[in-house]
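Predicted model only: the values in this text are computed from it and were never measured. Hydrogens, waters and symmetry mates play no part in the numbers below; they use all other heavy atoms, side chains included.
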Amino acid sequence: MNSRLLHIGWAVLSGILLGLAALFPPAVILLFVAVVPLLEIKNDIVKNKGKKRSFFLYSTLAFFVYHLIGGNWMLALGAGKMSLAFFINSLILSTFVFGAIVVHQRWNRWLGDIFFIAGWIAFEYLHLNWELSFPILMNGHHLAVFPQLIQWYTFTGILGGTLWVLGVNVLLSQLFSERRQWKERTFWQAQRSRWLTTLAVLFLPILISVVQYSTYNDSGEEVEVVSLHSDLDCYNTKYRLNQGELVSAYWNATKDALTPFTRLILWPESAITDFGWVEGLDNSELVAQLRDSIRAYCPADLVTGGIIYELFANGNPPNRPATVGYSPEINQSFYTYTMAMQIRNKSNEVSMRTKKKLVPFEETIPYPSLLSGVHKLAGSLGGFTFSPKKRDAKYMELPEGIRTIPLICYESAYGAFTADAVRKRNLNLLTVMLNEGWYSNIAGAKQLLNASVARAIENRKSVLRSSNRGVSALINPRGEIVEQVDEFKSAAIRRKVQLNEDQTPYMVIGDWLGWLSFLAMPITLGGALLRRPQVKPQQKKRKR
């Protein structure tokens, strides 16, 4: 077979396996073999002295297929712009792993494969730390469908999951490249030590995790919480109802779950689609209405998502920032925030924090001085352009000693961001609010659910989720889903959770695998480029 066609086939196969593992929970086991065909392309190019740049093209193809399949639900945001985003993301990942073939060719295969792993982990780490962030399709998140196997995320975070699956892929690739020997000798005798190493790398983390899972005991005071799962279609219902109609719909779905022992009520992201102006919040009739309602039902505090506006401090400058809106009715520029608000039962004070990790191009303009034009071409769902507020409530303290930071949708995909907040504020409960009524299926909601499972394990905290049309759930510190609602109906979850005060190593050290990988890449690649290529003896003889 033509080698080019063979390499294209291997690249597409890698992309399909990665995509299926991301899309269908039972298929996550495919992660452990999905990258083998791509690594085989690298090995074959080096062996046959092919062009190194072709590996970049094949890997880009593989990653693009992966994104198209694993993130197909995102095409609802706009097939054209999301395909472009997938392609750009694939190019970046290919750039990060391209050095693997250089190191392999100029040094040796083992170091080339180590560079491949380091490059992939560094790519994921980048996505957790820059404005063009895209953290959903990460191997460590996919593995969260089996929380019993990843309890060691308390040390490594999700990047440890990426290290695990890529390590197994590299070892299997080594074995696959020696497949001709399988015919000459028995299965085990051909590469016995490599098989044993591969099996150890595959099963030792599982053994460690099972021990952690079986020996972990939750601790802390118990408190009753209620989470709303609303069913409001974003296109035809939610943003067409006025605030009074929205509040009535939420209370009708929530009130039957409330008891005199309820201490926290959680509503979804942007549940209140217009809270008005920040400047008028103290005298807001809507806030007063919500406070009166919770006082009538139970002694709890309400934490709800909402959209709120704030006047731009500098009036209406001609060259206002791209993330600042303008109202012709009042001739005034303004900020738009998607936020979480705590409405207290026992006082008239409110606390608010705005979403810090915003979805690029859908919710904000990353690097606006450079990319504002792209945003105008792409547009966004709902037509919103949000900003993070400079000064927010750092966390929310509720009755019975509950301390939480409401993670707003996309924020729940960031491990170190969450762990840092938990550590600094000694939080004992994680809350997540989401608005997933933009999508006709819940494939994306399930991927974000995986992120919440990972956050629960990394921090050993219960996670309470409230979603609009996605997945609402309670997850315990082991990552087990205690209760879940994902039907297209309004419902409420009422459960007791333990307020765990424990700290994990990951909360202290964060994504150490990420910065270690960034460090390893230039050292390995630089060493390979400085290394003088080996010349075979027969070649030396010809030169004489």
- prompt: How long is the gap from CG on Leu407 to OG1 on Thr431, to the nearest 0.5 Å?
  reply: 6.5 Å

task: Answer yes or no: is there a side-chain heavy-atom contact under 4.5 Å between Val432 and Glu411?
output: no

field: Pairs meeting criterion salt bridge (Lys or Arg N to Asp or Glu O under 4.0 Å) with involvement of residues 449-468, two or more places apart
entry: Arg455-Glu458

For the student: nearest non-hydrogen atoms of Leu159 and Glu124, plus distance: CD2-OE1, 3.5 Å

- request: Look at the rings of Phe123 and Phe96 and say which category their plane angle falls in: under 30° parallel, 30 to 60° tilted, over 60° perpendicular.
  value: perpendicular

- prompt: Can any side-chain N or O of Asn108 pair as donor or acceptor with the backbone N or O of Trp110 at less than 3.5 Å?
  reply: yes

- prompt: Within the distance-only criterion (no hydrogens, no angle test), does the side chain of Arg194 pair as donor or acceptor with the backbone N or O of Leu175 below 3.5 angstrom?
  reply: no

task: Keeping the roles fixed (side chain from Ser472, backbone from Ser467), state whether a donor-acceptor pair exists under 3.5 Å.
output: yes

query: In a check of side chain to side chain contact (heavy atoms under 4.5 Å, CB included) between Leu449 and each of Val471, Leu434, Ile442, which one passes?
result: Val471

message: As an exercise, state the distance from CG of Leu57 to NZ of Lys52, rounded to the nearest 0.5 Å.
response: 13.5 Å

Flag if over 12 foreign heavy atoms under 6.0 Å of CZ, Phe518: yes

Distance, nearest 0.5 Å, that separates CD1 of Ile8 from OG of Ser3: 9.5 Å

- request: May I have the step-by-step check of side chain to side chain contact (heavy atoms under 4.5 Å, CB included) for Thr385 and Thr336, ending in yes or no?
  value: CA-CA 7 Å; Thr385 300; Thr336 305; over 6 Å; no

message: Are the side chains of Met74 and Phe134 in contact, using a 4.5 Å heavy-atom criterion?
response: yes

- line: Between the CD atom in Gln151 and the OH atom in Tyr213, the distance rounded to the nearest 0.5 Å is 7.5 Å

- prompt: Looking at side-chain heavy atoms only, is the closest gap between Leu128 and Pro135 below 4.5 Å?
  reply: yes

task: Check the pair Leu111, Ile114 against side chain to side chain contact (heavy atoms under 4.5 Å, CB included), reporting the backbone distance first and the verdict last.
output: CA-CA 5 Å; Leu111 287 172; Ile114 289 172; 4.3 Å; yes

query: When you measure from the side chain of Thr197 to the backbone N and O of Ser193, does any donor-acceptor pair fall under 3.5 Å?
result: yes

query: Of all residues at least two apart in sequence or in a different chain, which pass the ring pair (Phe, Tyr, Trp, His ring centres under 6.0 Å) check with Phe63?
result: Trp120

message: Set out, in order, the CA-CA distance, both residues' side-chain angles and the distance that settles side chain to side chain donor-acceptor pair (under 3.5 Å) for Tyr414 and Ser133, then state yes or no.
response: CA-CA 10 Å; Tyr414 295 83; Ser133 188; 2.5 Å; yes

query: Which atom names give the shortest non-hydrogen contact between Glu269 and Cys409, and what distance separates them?
result: OE1-CB, 3.2 Å

- prompt: Can you name the ring pair (Phe, Tyr, Trp, His ring centres under 6.0 Å) partners of Phe98, sequence neighbours left out?
  reply: none

query: Say you draw a straight line from CG of Asp113 to CD1 of Ile101; how long is it, rounded to the nearest 0.5 Å?
result: 11.0 Å

- line: Thr156 and Gly160 have their tightest heavy-atom pair at OG1-CA, 3.3 Å

- prompt: Under 6.0 Å from the NZ atom of Lys356, do we count more than 12 heavy atoms belonging to anything else shown?
  reply: yes

message: Can you give me the closest heavy-atom contact between Gly444 and Trp73, atom names plus distance?
response: CA-CE2, 3.2 Å

- line: Residues Gly479 and Val453: closest non-hydrogen pair is O-CG1, 3.4 Å

query: Does the Asp44 side chain pair with the main chain of Glu40, one donor and one acceptor, at a distance under 3.5 Å?
result: no

message: Before you tell me yes or no, could you show the steps for Thr95 and Phe56 under side chain to side chain contact (heavy atoms under 4.5 Å, CB included), namely the whole-Å CA-CA distance, both residues' side-chain angles and the distance that decides it to 0.1 Å?
response: CA-CA 7 Å; Thr95 302; Phe56 178 84; 3.5 Å; yes

message: Quick check: do Pro37 and Tyr58 have side-chain heavy atoms less than 4.5 Å from each other?
response: no

field: pair Ser462-Asn500: side-chain heavy atoms closer than 4.5 Å
entry: no

- prompt: Is a side-chain donor or acceptor of Arg106 paired with a backbone partner of Leu529 at a separation under 3.5 angstrom?
  reply: yes

field: Contact check, side chains of Arg109 and Val46, non-hydrogen atoms, under 4.5 Å
entry: no

- prompt: CD1 of Ile509 to CH2 of Trp515: how many Å apart, nearest 0.5 Å?
  reply: 8.5 Å

query: Can you list the residues that meet the ring pair (Phe, Tyr, Trp, His ring centres under 6.0 Å) rule with Phe55, with sequence neighbours excluded?
result: none

- prompt: Does some side-chain heavy atom of Phe115 sit less than 4.5 Å from a side-chain heavy atom of Val97?
  reply: no

Donor-acceptor contacts, no H, no angles, side chain residues 11-34, under 3.5 Å, sequence neighbours left out:
| unit_1 | atom_1 | unit_2 | atom_2 | d |
| --- | --- | --- | --- | --- |
| Ser14 | OG | Ala34 | O | 2.4 |
| Ser14 | OG | Leu38 | N | 3.3 |

message: Could you work out, with ring pair (Phe, Tyr, Trp, His ring centres under 6.0 Å) as the rule, every residue matching His104, not counting sequence neighbours?
response: none

Candidate pair Gln212 and Phe155, rule side chain to side chain contact (heavy atoms under 4.5 Å, CB included), full reasoning: CA-CA 12 Å; Gln212 284 185 276; Phe155 295 93; 3.7 Å; yes

query: Can you list the steps and then say if Thr154 with Thr504 is a side chain to side chain donor-acceptor pair (under 3.5 Å)?
result: CA-CA 6 Å; Thr154 54; Thr504 65; over 6 Å; no

query: So do the side chains of Tyr153 and Leu143 get within less than 4.5 Å of each other, counting heavy atoms only?
result: yes

- prompt: Are the side chain of Gln447 and the backbone of Gly70 linked by a donor-acceptor contact shorter than 3.5 Å?
  reply: yes

- prompt: Any donor-acceptor pair under 3.5 Å linking the side chain of Thr364 with the backbone of Ser387?
  reply: no

Val201 versus Gly167, closest heavy-atom pair with distance: CG1-C, 4.5 Å

task: Look at the side chain of Thr354 and the backbone N and O of Tyr337, then say whether any donor-acceptor pair between them is shorter than 3.5 Å.
output: no

query: Is there a donor-acceptor contact under 3.5 Å from the side chain of Ser209 to the main chain of Pro205?
result: no

